[in-house]
Amino acid sequence: MESVIVVGGGLAGLRAVEALRSQGYTGNLTLVGAEVHEPYDRPPLSKSVLTGESTDTALPADWEHLRCALRLGERAEALRLHGDRPGGILETTAGALEFDGLVVATGGTPIRLPGEGPQHVVRTVDDVRGLRDSLREGARLVIVGAGWIGAEVATVAAGKGCRVTVLEAADTPLAGAIGPELGELTARWYAEAGVELRCGVKVASVDRGGLLLVGGEFVAADAVVTGIGVRPETDWLADSGLDVGRGVVVDASLRTSRPEVVAAGDCAAWWSDRYGRRLLVEHWDTALNAPAVAASSLLGQDAVYDPVPYFWSEQFGRMVQYAGHHPAAERMVFRGSPDGPDWAVLWLSGDRLVALLTVDRPRDMVQGRRLIENATALDTDLAVDPGVALRNAVRRGTGPGTGSA
Ligand SMILES: Cc1cc2nc3c(=O)[nH]c(=O)nc-3n(C[C@H](O)[C@H](O)[C@H](O)COP(=O)(O)OP(=O)(O)OC[C@H]3O[C@@H](n4cnc5c(N)ncnc54)[C@H](O)[C@@H]3O)c2cc1C
């Protein structure tokens, strides 16, 4: 391979460039990124950047050392793959580029609501700088969507003295992500922070001065934030012949149907043997770790990406962390009381831990991730006791965690 293009200048794009070089690729390397900024970290955007505590989240990178040509402010518009040989042509807003190998790392785009009124989304550093200026004391802020982003923005806005209302179409926050029973437990956090949460409310449109709800009610707002999810940024692949559904369809090695095209990060839907299904995980850990596998695959090595998915969220003064994949779990048990300051939820299949949610219990998360990865059997009576370290709740003689703390 003499020329590789990485499309997308986010965390996954940068990590792909670094991995290609560290794994011995010596040919031409180009990164094409639609944003004018060099790759930066997104998690702080809805946290310390929105509060104003930090301004710069640039990811450290030595482009000269990486011998990577940076083409920023340039958007990929179409992909034409050769029919008779590997490689193809990438059409961008600045022209056409030939390649032998391609990494798709174009992430996701926030979904917007219909309507002519102004609405903020929270995806880029420029989005957040614009929103930050609207978070003035006493301002009426309406956030649509009580998901991870909505909760984090509500936290910051309430802290700045805004009058915050969150509108959620489902009956509880986070119903899709962690289920309504647990989602309901987070509703009280909104109330404690002085945030009005209205569930079961559907927005028809964002108009000047507020939002029109389905049913005719008008909710006045000085600023509106739409946090209803993202869709993978794959429109530019529409005529490429690649399989694109909700995300670029890739195998367990992150290869598309064309081995010289791989995908990683928020835009990639990969096959997981661990879970027996395709996963698309729009979280930081995936963008951090999947590109190394994508790079190996592109360079013809055998590599598989099959992690226990992980993410975190900081909301209403709490650190919420999740690992695993719970839809196929047989049962869910609490570890500690959700009325207390810190607690966790274990999802089990038989006596194996398959997923874990923790609220202000980071040590449980560190230990639990290992137990999930190793499919270790737990003694449930011990595991539900928050006074027993999770690694000491291992069923005797069944796993690496057996033994004392
Ligand atoms: C505000 C915010 C807070 C978050 N907080 C957390 C958190 O607390 N915990 C957690 O686990 N995860 C969090 N995440 C998720 C995490 O940041 C993402 O999963 C991660 O950034 C995905 O990286 P990526 O490189 O795949 O995609 P992106 O970061 O979306 O990068 C893709 C890049 O590709 C560019 N691009 C798109 N289309 C094209 C094109 N056609 N041509 C060229 N370039 C293109 C985009 O402009 C973008 O710069 C957060 C995300 C956001 C937005």
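We're numbering straight along the sequence, starting at 1. We count ligands from 1, going down the list as the structure has it; atoms in each ligand are counted the same way.
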For [X], atoms of ligand 1 separated by under 4.0 Å from a heavy atom:
X: Val7; result: 42 (N), 43 (C)
X: Gly265; result: 26 (O)
X: Gly10; result: 25 (O), 31 (O), 33 (C)
X: Gly108; result: 30 (O)
X: Glu282; result: 15 (C), 19 (O)
X: Gly9; result: 33 (C), 34 (O)
X: Glu74; result: 43 (C)

Give the C-alpha distance, both sets of side-chain angles, the deciding distance and a yes or no for side-chain contact (heavy atoms from CB on, under 4.5 Å) between Trp189 and Arg318.
CA-CA 9 Å; Trp189 302 347; Arg318 293 167 177 84; 3.3 Å; yes
Test your reading of the structure: does [X] have an N or O sitting under 3.5 Å from an N or O of ligand 1?
X: His283; result: yes
X: Leu45; result: no
X: Tyr310; result: no
X: Gly13; result: no
X: Ser313; result: no

Specify the protein heavy atom at minimum distance from [atom]: its residue, its atom name, and the distance to 0.1 Å.
atom: atom 13 (C) of ligand 1; answer: Pro43 CG, 3.9 Å
atom: atom 44 (N) of ligand 1; answer: Ala34 N, 3.0 Å
atom: atom 8 (O) of ligand 1; answer: Lys47 NZ, 2.6 Å
atom: atom 19 (O) of ligand 1; answer: Asp266 OD1, 2.8 Å
atom: atom 27 (O) of ligand 1; answer: Gly107 CA, 3.2 Å
atom: atom 12 (N) of ligand 1; answer: Trp284 N, 3.3 Å
atom: atom 21 (O) of ligand 1; answer: Arg42 CD, 3.6 Å
atom: atom 2 (C) of ligand 1; answer: Ile149 CD1, 3.4 Å

Nearest-option assignment for atom 9 (N) of ligand 1, heavy atoms, candidates Trp312, Tyr40, Tyr322, Trp148:
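Comparing heavy atoms across Trp312, Tyr40, Tyr322, Trp148, the nearest one to atom 9 (N) of ligand 1 lies in Trp312.
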For atom 38 (N) of ligand 1, which of Arg71, Glu233, Glu38, Arg123 has the closest heavy atom?
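Ranked by closest heavy atom to atom 38 (N) of ligand 1, first place is Glu233.
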Is the ring pair [X]/[Y] parallel, tilted or perpendicular, if the boundaries are 30 and 60 degrees?
X: His326; Y: Trp347; value: parallel
X: Trp148; Y: His283; value: perpendicular
X: Trp343; Y: Phe334; value: tilted

Can you tell whether the side chains of [X] and [Y] come within less than 4.0 Å, N to carboxylate O?
X: Asp266; Y: Arg231; result: no
X: Glu217; Y: Arg198; result: yes
X: Arg246; Y: Glu282; result: yes
X: Arg369; Y: Asp285; result: yes
X: Asp385; Y: Arg335; result: no
X: Glu152; Y: Lys47; result: yes

Do Asp243 and Ser257 have a side chain donor and acceptor closer than 3.5 Å?
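No pair is found: no donor N or O on one side chain lies under 3.5 Å from an acceptor on the other.
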Cut-off 3.5 Å, side chains only: do Glu314 and Thr155 have a donor facing an acceptor?
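No - no donor-acceptor pair under 3.5 Å links their side chains.
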How long is the span from the CG atom in Leu113 to the OG1 atom in Thr226, to the nearest 0.5 Å?
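Answer for the CG-OG1 pair, Leu113 versus Thr226, is 4.5 Å.
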Pairwise distance CG(Leu97) to CG(Leu79) - rounded to 0.5 angstrom:
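Going from CG on Leu97 over to CG on Leu79, the span is 11.0 Å.
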Which bit of Ala105 is near ligand 1, meaning a heavy atom under 4.0 Å away: side chain, backbone, both or neither?
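Contact part for Ala105 vs ligand 1: backbone (N, CA, C, O).
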Does the residue His37 have a heavy-atom contact with ligand 1, meaning some pair of atoms that are separated by less than 4.0 Å?
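Distance cut 4.0 Å: His37 fails for ligand 1.
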Heavy-atom contact under 4.0 Å between Val32 and ligand 1?
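In this structure, Val32 qualifies as a contact of ligand 1 - some heavy atom is under 4.0 Å.
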Do Thr93 and Glu74 pass the side-chain hydrogen bond (donor to acceptor under 3.5 Å, both in side chains) test, and can you show the C-alpha distance, the side-chain angles, and the key distance before you say yes or no?
CA-CA 6 Å; Thr93 42; Glu74 183 170 339; 5.5 Å; no
